[in-house]
Number of protein chains: 2
Amino acid sequence: MARTLAVIGDRWTLLILRDCFLGVRRFERFQERLGVTRHVLSDRLRKLVAAGVLEKRAYQERPPREEYRLTAMGLELHPAIIHLVQWGDRWLSDDHGAPLQHIHRGRGHRFQAQLTCADCGEVVGPRDVTVAANPALAQRLELPDEGRSPDTAWQQGG
Amino acid sequence: MARTLAVIGDRWTLLILRDCFLGVRRFERFQERLGVTRHVLSDRLRKLVAAGVLEKRAYQERPPREEYRLTAMGLELHPAIIHLVQWGDRWLSDDHGAPLQHIHRGRGHRFQAQLTCADCGEVVGPRDVTVAANPALAQRLELPDEGRSPDTAWQQGG
DNA sequence: CATTTAAGGTTCCAAAAAGGAACTCAATAG
DNA sequence: CTATTGAGTTCCTTTTTGGAACCTTAAATG
């Protein structure tokens, strides 16, 4: 998580990426849509390119103009971004609901995100996922132990 | 997305919530695990409680001691957090891989997150989801139009 | 009784990041 | 020759962080 946040964990980066998924590619468009200062936008785009999340390519040569596109790495942020957006739509909407709805293309109905296990296809909730130390590594990280195992410790019981 | 980021969009909040899902509940534990300054931690916890993502409850009265737990709202961030963690594990791991692995409890195998449609159960990728203006709202937001419709504009097509 | 320990914070000041507005550069349009 | 567009930089002010010390309640120790 710390690694992920080092790349996308600041006030603007996820908004930039969200706009990328909506088709925005150009500096001026990001700037006018987000209201971020040009300075910060320039910095964030440069870092995203350096991290491999976006790539910069010329879309014309005279005059030289550049655009930013999601790489394969960037495209794989899609599930996380969808879930974050839908969480906000669900819990933080004002009276009228979200301004945009997600649609499942090819099916035509509304798209509601759901987390499943790629191996067995089951829908999973928070209590269905637990963690284990990577056997390939020495134990670098001590898990907290306040009398419960970590897999149940999040529960509201008590 | 802007609404979501107003709640969870800073350098520390998602790390705090990740630790919540790992069973951490107490101020001191967050502080020692994350290395965040007490000042910032105090501020973030207060804001998360105010937003309804965490709740503060006493776990003993003499001396008074408090702990922080995920609410229903907070628990629903689980899919987003899982996806973010797995994205980092996949794209940003050093040579040895992630320190922790996710396990599908009750199945016993590794858990690999996958985004599906809650309506029809299909696995969906970036190109399967599109957006439409909420019909219940006037069109407040102009989508970018650089010669493509937004649903295909993200594609790498040349 | 004075001291120490523990949890859960505040306060204060220096350093880093973000906001705002103007300026640059290259090329094309009028 | 002047204005415009796209994509940035530069400079300066305001906000946020980081670091370290201090405070409070209450029990435990000597």
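In what follows, chains carry the letters A, B, and so on, assigned in the order in which the sequence lines appear, proteins first and then strands, with residues in each chain numbered from 1. Here the structure is a predicted model, which is why all the values come from computation and not from measurement. All heavy atoms count here, side chains included; hydrogens, waters and symmetry mates do not.
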Atom-to-atom span, CD of A:Gln31 to P of D:dT9 - whole angstrom: 14 Å
Salt-bridge criterion met for A:Glu28 and A:Arg38 (N-O under 4.0 Å): yes
A:Arg46 CZ to D:dA7 P, straight-line distance once rounded to whole Å: 15 Å
Phosphate contact (C:dA7 OP1 or OP2) by B:Arg25 side-chain N/O below 4.0 Å: no
Separation of D:dT5 C1' from A:Arg29 CZ (nearest whole Å): 13 Å
Any A:Ser42 side-chain nitrogen or oxygen under 4.0 Å from OP1 or OP2 of D:dT9: yes
Sequence-distant partners of A:Ala132, side-chain contact (heavy atoms from CB on, under 4.5 Å), two or more places apart: B:Ile103
A:Phe30 side, atom CZ; A:Glu67 side, atom CD - distance, nearest 0.5 Å: 9.5 Å
Within-4.5 Å side-chain heavy-atom neighbours: A:Val129 and B:His78: yes
Strand-adjacent residues in residues 7-15 of chain B, judged by heavy atoms under 4.0 Å from DNA chain D: B:Arg11, B:Trp12
Charged N-O contact under 4.0 Å between A:Arg107 and B:Asp128: no
Rounded distance in Å - CD (B:Glu67) to P (C:dG8): 9 Å
Under 3.5 Å, which N/O atoms of the protein pair with N/O atoms of nucleotides 20-28 of chain D?
none

Presence of A:Tyr68 side-chain N/O under 4.0 Å of D:dG6 phosphate oxygens OP1/OP2: no
Check: B:Arg3 and A:Asp89 side chains under 4.5 Å, non-hydrogen atoms: yes
Atom pair distance, as rounded to whole Å: CG in A:Leu5 and P in D:dT17: 14 Å
Length of the line joining B:Arg44:CZ and C:dG8:P, which is rounded to integer Å: 19 Å
Side-chain heavy-atom pair B:Val85, A:Thr4 within 4.5 angstrom cut-off: no
Nearest-0.5 Å distance, CZ of residue A:Arg33 to CZ of residue A:Arg26: 14.0 Å
Residue-phosphate contact under 4.0 Å: A:Lys56 side-chain N/O, D:dG6 OP1/OP2: no
Beyond-backbone contact of A:Tyr68 with A:Ile16, side-chain heavy atoms, under 4.5 angstrom: no
Short side-chain N/O contact to D:dT16 OP1/OP2 from B:Lys47, under 4.0 Å: no
Sugar-phosphate, base or nothing in reach of A:Phe30, heavy atoms under 4.0 Å: nothing
d(CD, A:Glu32; P, D:dT5) in whole Å: 11 Å
Atom-to-atom span, CD of B:Glu28 to P of C:dT10 - whole angstrom: 13 Å
